[in-house]
Amino acid sequence: MDIISTQKAPGAIGPYSQAYKVNGVVYTSGQIPVNPDNGQVPEGIAAQTEQNCKNVGVILEAAGAGFGNVIKTTCFLADMGDFAAFNEVYAKYFVSKPARSCVAVKELPKHVLCEIEAVAEM
C-alpha cells in the first residue's frame with residue numbers, strides 16, 4: 001500500500017491523502033477545483049471542471065497511471081443544472097468512458113461547483 005502525493009495538485013484540506021495505491025489500483029480522494037499554483041478557484045462550471053480534471057490527472061500521473069487507466073469515477077455537482085456543461089469538459093479527459101456515478105449534493109468544500117474522485121487500475 002502506497003500513499004500518493006504530489007505538489008502538482010492541491011494539498012488535502014482535511015485529514016486524508018490525495019490518493020492510495022493498493023494492489024495495482026489507485027484510489028483518489030475527491031478533487032475540488034483549487035489551482036495548486038495560487039490556491040484560487042476559477043469561476044464557472046466549465047473552468048472548475050477543467051481544474052478538477054487537471055488535479056485528478058496529476059495525481060494519477062504521480063501514481064504511474066493516467067486517464068486511460070480509470071475504471072470508475074464519482075462526480076459531485078452542486079447543481080444538476082450544470083450537468084451538460086460538466087459533461088462537455090469531463091468527456092475531453094475521460095475518453096475511455098469509465099463507469100461513473102454523478103450526484104447532486106447540497107454543498108461542496110469551499111463552495112465549489114463540482115468534485116471528482118477516480119479509481120484506476122494499473
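Fair warning: this is a prediction, and the values are worked out from it, not measured in the lab. Heavy-atom basis, side chains included; hydrogens, waters and symmetry copies ignored.
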In the structure I gave you, are the side-chain heavy atoms of Tyr20 and Asp2 within less than 4.5 Å of one another anywhere? no
Measure the spacing between CG of Asp79 and CD1 of Ile45 and express it to the nearest 0.5 Å. 8.5 Å
Got a sec, which residues hit ring-ring contact (aromatic ring centres under 6.0 Å, His included) with Tyr93, two or more places apart in sequence or on another chain? Phe67
Distance-only, no hydrogens or angles: does the Asn69 side chain make a donor-acceptor pair with backbone N or O of Met122 under 3.5 Å? no
Could you give the side-chain donor-acceptor pairs of residues 97-116 under 3.5 Å, partners two or more places apart or in another chain?
residue: Arg100; atom: NH1; partner: Asn87; partner atom: OD1; Å: 2.8
residue: Arg100; atom: NH2; partner: Asn87; partner atom: OD1; Å: 2.8
residue: Ser101; atom: OG; partner: Lys72; partner atom: NZ; Å: 3.0
residue: Glu107; atom: OE2; partner: His111; partner atom: ND1; Å: 2.9

Which residue pairs satisfy the ring-ring contact (aromatic ring centres under 6.0 Å, His included) criterion with at least one member in residues 24-45, sequence neighbours excluded? none
Could you give the side-chain donor-acceptor pairs of residues 4-17 under 3.5 Å, partners two or more places apart or in another chain?
residue: Thr6; atom: OG1; partner: Lys8; partner atom: N; Å: 3.1
residue: Tyr16; atom: OH; partner: Ile13; partner atom: N; Å: 3.2

Do Phe94 and Ile71 belong together in a cluster built from hydrophobic side chains that touch within less than 4.5 Å? no
Qualifying salt bridge (charged side-chain N to carboxylate O under 4.0 Å, His left out) pairs with a residue from residues 37-51, counting only residues at least two apart or across chains: none
Interatomic spacing from CD in Gln18 to OG1 in Thr28 - rounded to 0.5 Å: 9.5 Å
Gln48 (side chain) donor-acceptor with Pro42 (main chain) under 3.5 angstrom: yes
Check whether Val58 and Leu60 end up in the same hydrophobic cluster, where Ile, Leu, Val, Met, Phe, Trp and Tyr are linked by side-chain heavy atoms less than 4.5 Å apart. no
According to a 4.5 Å side-chain heavy-atom criterion applied to Ile, Leu, Val, Met, Phe, Trp and Tyr, with indirect links allowed, do Phe76 and Tyr90 form part of one hydrophobic cluster? no
Between Val34 and Val89, is there shared hydrophobic-cluster membership here, with clusters defined by ILVMFWY side-chain heavy atoms closer than 4.5 Å? no
Residues which pass side chain to side chain donor-acceptor pair (under 3.5 Å) with Gln51, listed by chain and number, not counting sequence neighbours: Asn55
